[in-house]
Asker: 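To start, I am sharing the structure in question, which I have written as structure tokens.
Excluded from the calculations below are hydrogen atoms, water molecules and symmetry mates; all remaining heavy atoms, backbone and side chain alike, are included.
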Amino acid sequence: MPQLSVQNENEYEDLLGLWADLESGLSVVLGSPDSVLEFQLRICQYGRWMQSLLQRDPDLGLYLLFQLATNSSAGYSASHALICTVLCQLIAQELTLEPDEYNSLVRAALTMNIGMTGLQDQLALQTEKLSPEQSQAIRNHGIKGQQLLAERGIRDALWLGIVADHHVEGADDTELRKLAPDKRLIRILRVVDRYAAMISPRKSREGRSVTESVRSILSTGSGNTDEVGGALVRAVGLYPPGTYVELEDKAVAVVTRRSSTPDLPHVAVVVDAQGTQLRRPVMRRSVSGSPRIRTALAASVLQLERHHHLVLQLGAQASQQA
């Protein structure tokens with residue numbers, strides 16, 4: 001299947017619109033589940049829609065989603081659910097999960113916060129401290145979500161169990177293959193949920209860079225490398241498409257595509273080493289060795305005029321030449 005084309009700004013906006021339509025539809029379902037006919041069918045359709053968009057061009061899908069995650073807090077609940085679902089899909093492929101487990105994981109990721117959709121959107125814009133009522137709602141949202149789903153005809157025990165317990169902490173040193181399916185999938189979603197939340201901005205704080213976020217999910221309490229965190233890095237890279245990085249020569253670049261090496265993606269320079277924003281991005285293939293990436297940057301600290309279609313054109317060319 002050929003990669004999706006981004007030859008001009010209109011094509012970029014069209015592709016962004018496909019993901020935006022998916023997010024918008026999901027937002028309606030999560031925000032007003034009482035008004036949705038055939039609720040389970042709709043959720044399954046959104047899972048297949050996401051899968052089809054991602055399969056056509058995973059790097060482009062990640063680029064759009066990471067831009068969305070790091071540059072907007074509007075409609076946070078649906079955006080967060082969609083990002084988590086994409087990451088779960090990629091991790092499921094990396095870990096070769098069984099189809100039944102994959103389906104339950106994806107559907108749980110889409111609906112894990114249905115018990116607090118409105119509150120989650122509100123909290124993304126809130127700067128004041130949580131009220132006691134809000135804290136209680138957060139603590140109870142897993143069980144409430146499970147109840148809402150059951151009331152809407154969901155009978156998949158794995159799906160329901162993941163939603164109910166996705167915030168319940170468990171031992172992270174046990175090998176995934178030795179865990180029961182529900183414990184295994186809860187652990188995957190818990191790591192993904194935490195990672196996606198850390199890179200996303202709130203009114204009360206800036207989103208963290210992916211470097212900071214990855215560092216926090218890679219280590220277990222005993223100091224070992226977390227198995228799910230490792231799979232996440234292998235799946236999306238240490239610097240996923242759509243994230244910003246500073247190179248060793250002080251230039252700032254945006255990651256366009258992954259490579260076979262997690263810490264050496266294809267990047268397009270958008271600010272040169274002197275701090276001047278470039279009118280047209282310049283491709284740098286960090287796989288060639290120099291200059292290497294020094295660190296990831298939180299997009300919230302950058303004030304850039306972004307020409308995404310030009311960046312993605314360069315990324316596609318680099319991929320074809322690799």
Asker: Output the distance between atom CZ (Arg48) and atom CD (Gln55), rounded to the nearest 0.5 Å.
Answerer: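 Reported to 0.5 Å precision, the distance equals 12.5 Å.
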
Asker: Tell me whether Leu310 shares a hydrophobic cluster with Val252, the cluster being built from Ile, Leu, Val, Met, Phe, Trp, Tyr side chains joined at under 4.5 Å.
Answerer: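 As far as the 4.5 Å side-chain criterion goes, Val252 and Leu310 are not connected within one cluster.
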
Asker: With the side chain counted from C-beta on, respond yes when Leu97 and Ile188 share a heavy-atom pair under 4.5 Å apart, and no when they do not.
Answerer: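 Touching, per the 4.5 Å side-chain cut-off.
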
Asker: Please answer whether the main-chain N or O of Leu176 pairs with a side-chain N or O of Glu227 as donor and acceptor at a distance below 3.5 Å.
Answerer: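 Indeed, once roles are kept as given, a pair shorter than 3.5 Å links the two residues.
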
Asker: Set out, in order, the CA-CA distance, both residues' side-chain angles and the distance that settles side chain to side chain contact (heavy atoms under 4.5 Å, CB included) for His266 and Val255, then state yes or no.
Answerer: CA-CA 6 Å; His266 301 293; Val255 178; over 6 Å; no

Asker: Please check: side-chain N/O of Asp272 versus main-chain N/O of Ala251, any donor-acceptor pairing under 3.5 Å?
Answerer: no

Asker: Give me the atom names and distance for the closest heavy-atom approach of Tyr195 to Pro240.
Answerer: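 Closest heavy-atom pair between Tyr195 and Pro240: OH-CG, 3.6 Å.
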
Asker: What I'd like to find out is whether the side chain of Val270 reaches to under 4.5 Å of the side chain of Leu278, using heavy atoms alone.
Answerer: no

Asker: Is there side-chain contact between Ile43 and Thr111, with at least one heavy-atom pair below 4.5 Å?
Answerer: yes

Asker: Is Val28 linked to Ile154 within one hydrophobic cluster, defined over Ile, Leu, Val, Met, Phe, Trp and Tyr using a side-chain heavy-atom separation of less than 4.5 Å?
Answerer: no

Asker: Would the distance check show the side chain of Asp165 and the main-chain N or O of Val168 forming a donor-acceptor pair, the cut-off being under 3.5 Å?
Answerer: no

Asker: Shared ILVMFWY cluster between Ile138 and Ile143, side chains joined below 4.5 angstrom?
Answerer: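 Ile138 does not cluster with Ile143.
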
Asker: Do Tyr63 and Val254 have side chains that get closer than 4.5 Å, going by heavy atoms?
Answerer: yes

Asker: Quickly, which of Gln136, Gln120, His166, Gln146 forms a side-chain hydrogen bond (donor to acceptor under 3.5 Å, both in side chains) with His141? Name it, please.
Answerer: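 Only match with His141 under side-chain hydrogen bond (donor to acceptor under 3.5 Å, both in side chains): His166.
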
Asker: Answer yes or no: is there a side-chain heavy-atom contact under 4.5 Å between Tyr76 and Leu123?
Answerer: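 Tyr76 vs Leu123: side chains apart.
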
Asker: Any heavy-atom pair between the side chains of Leu185 and Leu179 that's under 4.5 Å?
Answerer: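 Result no, sub-4.5 Å side-chain heavy-atom pair not found.
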
Asker: Could I get the full list of salt bridge (charged side-chain N to carboxylate O under 4.0 Å, His left out) partners for Glu38, not counting sequence neighbours?
Answerer: none

Asker: Between CG of Asn103 and SG of Cys44, what distance do you get to the nearest 0.5 Å?
Answerer: 7.5 Å

Asker: Looking at Asn113 and Met116, would you say the former's side chain and the latter's main chain have a donor-acceptor pair under 3.5 Å?
Answerer: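 Between the backbone of Met116 and the side chain of Asn113 there is no qualifying donor-acceptor contact (under 3.5 Å).
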
Asker: Between Arg234 and Glu94, what is the shortest heavy-atom contact and its length?
Answerer: NE-OE2, 2.8 Å

Asker: Between Gln40 and Asp156, is there a side-chain heavy-atom distance shorter than 4.5 Å?
Answerer: no

Asker: How long is the straight-line distance from CE of Met50 back to CG of Leu65, given to the nearest 0.5 Å?
Answerer: 9.5 Å

Asker: Can you tell me how far apart CH2 (Trp49) and CG (Leu54) are? Round to the nearest 0.5 Å.
Answerer: 14.5 Å

Asker: Can you measure from CZ (Arg177) to OG1 (Thr96) and round to the nearest 0.5 angstrom?
Answerer: 12.0 Å

Asker: Will you find, in the side chains of Gln93 and Tyr102, an N or O donor that is under 3.5 Å from an N or O acceptor?
Answerer: no

Asker: Given side chains that start at C-beta, do those of Gln126 and Gln134 come closer than 4.5 Å, heavy atoms only?
Answerer: yes

Asker: Answer with yes or no whether the hydrophobic clustering places Leu41 together with Val29; edges join I, L, V, M, F, W, Y residues whose side-chain heavy atoms lie under 4.5 Å apart.
Answerer: no

Asker: Cut-off 3.5 Å, side chains only: do His80 and Asp193 have a donor facing an acceptor?
Answerer: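 Note: His80 and Asp193 side chains meet the donor-acceptor criterion.
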
Asker: Do you know the tightest heavy-atom contact between Pro241 and Arg258?
Answerer: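 Heavy-atom minimum between the residues: CD-CG, 3.8 Å.
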
Asker: Distance from Ser77 atom OG to Leu119 atom CG, nearest 0.5 Å?
Answerer: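 Interatomic distance, Ser77 OG to Leu119 CG, rounded to 0.5 Å: 9.5 Å.
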
Asker: Does the pair Asp249/Arg292 count as a salt bridge with the N-to-O cut at 4.0 Å?
Answerer: no

